[in-house]
Amino acid sequence: MLRFAKFLKKVELKLITYRDGFQVSVAMKDKFGEEFVEKSAIVIINPNTAKTFGFKDGQIVKVSSNERCANLRLKVSEIAPEDCALIPKSIYSCYLSSDKITIEPTDGEITTPNELLERYT
Amino acid sequence: MWVCTGCSCLCDDIEIEGDVIRHACRIGAGLYLNRSVARTEPLIDGKQTDIDSAIERAVEILKDSKRVAIYGLNNSTLEAQKIAMKLAEKISAYVDNGSKFGKLAEMILRKEIPSTTLENVKDYAYVIFYWGCDIHNSMPRHMSRYTYYPRGKKRQRGYEEDRFLVVVDVRKSHTAMLAKKNAIFIKSDDDRKIIREFLTALEGGIASGDVLRVVKEIKKSDFNVIFGGGGLIEGLGNELEEFVRFVSNVGYFIPTDYRTNSMGFFKSLFEAGIPKANLEDLLIDEAVDTAIIVGSDPLDSMPFDVAKKLAKLKLIVIDPKVSFTSKIADVVIPSAISGVECGGRMLRSDFTEVELKPIFKSEFDDAKILKSILGGL
Amino acid sequence: MPSPMDIYKLLPKTNCKLCGEQTCMSFAFKLIKKEKKLEDCKPLFEPEFEEQRRKIEEMLKVVEKATETGLIVNEDLCIGCGNCIVVCPVHVYEDPEGAGSGFGIRLEKPILRVENGIVRVIDVSLCRRYKEKTICVACRENCPTSAIAFLEEL
């Protein structure tokens with residue numbers, strides 16, 4: 001099977017975690033709800049970086065750091081500098097905590113908080 | 001009027017009429033409107049129980065523990081924090097709230113660094129720095145309620161003429177996007193270097209164009225203020241001497257720790273004479289075997305390597321809401337949402353004391369639960 | 001908020017001029033500014049364009065929300081910071097002790113008010129754009145999340 005995703009490049013970026021007010025508000029509501037995943041399981045890269053490496057806003061990507069990885073939704077925005085990736089502060093950013101992360105396309109589903117939680121115990 | 005406990009702004013101008021809450025931001029309104037969603041229930045080893053049995057089990061665990069850490073307390077009132085300090089003294093527990101603002105907060109309490117109130121900032125401040133904090137996201141009403149946008153006694157002409165905004169950050173945050181007219185955004189890769197540059201320029205030396213421009217504005221007023229966030233704390237590391245000199249030359253410093261009663265925590269700790277511990281370090285050193293987590297979710301804020309060690313401890317979670325940490329805890333004790341379901345006092349980010357105005361009543365809150373635990377020991 | 005280009009991509013792109021415009025692109029522009037109605041594009045109502053038409057209708061729902069002053073609030077993007085309320089020159093003049101001083105607005109019927117954490121348009125008749133036809137953009141300028149937009153700037 002020809003999978004287009006395979007032809008795209010990986011990109012390594014500096015990780016910055018940041019506080020997102022919208023994420024904070026849904027985290028205060030319910031950390032096991034859909035909104036929490038929607039606002040937390042995201043990684044933001046700069047529009048120029050997205051263009052260079054062929055990433056599209058909204059696609060699911062595999063984000064790896066050290067020996068850990070999780071699938072997040074990619075967003076494109078100027079709030080991220082060109083050499084950095086932004087992940088809002090949450091269990092996702094904590095799980096992937098590192099100075100650098102790698103982003104690559106994937107066909108997988110977004111990792112759920114329960115899946116992450118299992119890896120802690 | 002309700003006092004919002006969504007962040008350390010502790011906005012006291014909120015109106016509630018039935019299901020409509022006015023003037024609170026998305027974070028504060030959500031705290032109130034979603035109060036009944038995802039509430040905890042008393043649990044022992046994941047099994048349902050009643051609250052008294054949960055407290056009893058917590059006491060048993062504490063009696064069997066070698067070394068305990070008390071963590072969180074940022075959403076607890078000063079009254080509850082005081083009881084937590086007594087508990088810490090009784091069982092020689094370490095105490096940490098997970099905030100990195102401890103050193104600077106203590107310096108403010110000791111009057112080693114000039115600080116002021118947000119009311120004074122509104123009335124008098126000209127140059128307003130936001131350094132290493134995206135205030136628009138962490139404390140959304142900070143700028144409109146207290147600093148850049150409102151008019152004050154000596155600042156009647158509005159933000160475009162009577163204020164000068166400086167945003168220093170590693171990235172173009174939402175706050176940085178607000179630096180337009182009579183404002184500047186300085187992208188920083190090395191905070192200490194920029195502070196040194198400011199010090200040089202303030203003493204008449206050579207600096208970059210941006211820094212010189214800001215220094216020119218600083219010299220126009222004798223009331224300027226620096227708001228510093230987590231980014232600045234990280235950038236400074238342990239080297240605070242130059243920063244203190246910088247603040248003294250510019251005006252005042254106010255921390256922007258969004259954690260609701262974090263400054264109250266530091267004051268409670270200071271008054272009790274207990275040194276602040278760092279739970280992450282204790283976990284790495286494997287120095288504790290039990291943790292009491294009060295109104296905090298370390299699995300949602302600590303790096304994986306450390307959090308994994310935390311997960312191995314005996315965990316007692318006191319929280320009104322279900323959290324990642326409560327899911328793996330040995331004991332869960334449901335509590336009240338401070339300010340919504342229980343009253344008391346808290347300190348705003350500038351150390352101003354605020355009396356909470358709860359709308360509902362609750363049988364149990366952090367203070368009562370901690371008192372019962374203390375009584376049981 | 002849809003751009004004229006987003007709309008144009010879904011139009012028949014034949015420049016048939018049946019709507020009275022020279023090109024489909026200029027029709028797209030006028031559609032967003034509410035100067036033309038979707039019904040003016042006759043070919044779009046043919047069965048073959050049904051799916052595209054539905055998509056345009058979906059996009060135009062946002063435009064429909066625009067008030068008489070052209071002010072559009074995208075509630076999903078609003079964090080409720082209140083910058084727009086405090087900077088509004090009318091609010092400052094009418095409510096100096098309240099909104100002008102940073103507090104929640106005290107007017108019974110202000111232009112904007114934060115309710116349930118999101119800014120809501122209460123009464124645009126006070127807005128300078130409505131009464132004096134002044135092109136004031138203070139509220140939009142101080143919203144970093146683009147929750148506020150004006151039709152003419154799209």
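Numbers restart at 1 for each chain; the letters A, B, ... are given by sequence-line order, proteins then strands.
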Query raised in the report: With a 3.5 Å cut-off and no angle check, do the side chains of B:S323 and B:D319 form a donor-acceptor pair?
Result: no

Query - Interface residue of largest heavy-atom contact number with chain C, from B:G30, B:G6, B:A24, B:G152, under 4.5 Å - result: B:A24

Query raised in the report: In terms of heavy-atom proximity below 4.5 Å to chain C, should B:Y149 be classed as side chain, backbone, both, or neither?
Result: both

Query raised in the report: Does any N or O in the side chain of B:S221 come within less than 3.5 Å of the main-chain N or O of B:F223, such that one atom is a donor and the other an acceptor?
Result: yes

Query raised in the report: Does B:S349 use its side chain to pair, donor to acceptor, with the backbone of B:D257 at less than 3.5 Å?
Result: no

Query raised in the report: Between the side chain of B:R26 and the main-chain N/O of C:C78, is any donor-acceptor distance below 3.5 Å?
Result: yes

Requested in this report: Please state whether the side chain, the backbone, both or neither of C:V119 comes within less than 4.5 Å of a heavy atom of chain B.
Outcome: neither

Query - Main-chain N/O of B:C11 paired to B:W2 side chain as donor or acceptor, under 3.5 Å - result: no

Requested in this report: Between chain C and each of B:G28, B:A176, B:C25, count heavy-atom pairs under 4.5 Å; write down the option with the most.
Outcome: B:C25

Requested in this report: Pick whichever of C:I105, C:N116, C:V86 has the most heavy-atom pairs under 4.5 Å with chain B.
Outcome: C:N116

Requested in this report: Tell me, for C:E75 versus chain B, whether the close heavy atoms (under 4.5 Å) come from the side chain, the backbone, both or neither.
Outcome: backbone

Query raised in the report: Between C:G102, C:G80, C:A99, which shows the greatest number of heavy-atom pairs under 4.5 Å with chain B?
Result: C:G102

Query - Leading residue by heavy atom contact count with chain C [cutoff under 4.5 Å; candidates B:E15, B:K122, B:H136] - result: B:H136

Query raised in the report: So which of C:V87, C:N142, C:I85 has the largest heavy-atom pair count under 4.5 angstrom toward chain B?
Result: C:N142

Query raised in the report: Under the 3.5 angstrom rule, does the side chain of B:R22 hit a backbone N or O of B:D13 as a donor-acceptor pair?
Result: no

Report summary line: dist C:L112:CG -> C:E115:CD (nearest 0.5 Å) comes out at 11.0 Å

Query raised in the report: Hey, which of C:V114, C:I118, C:T145 has the most heavy atom pairs under 4.5 Å with chain B?
Result: C:V114

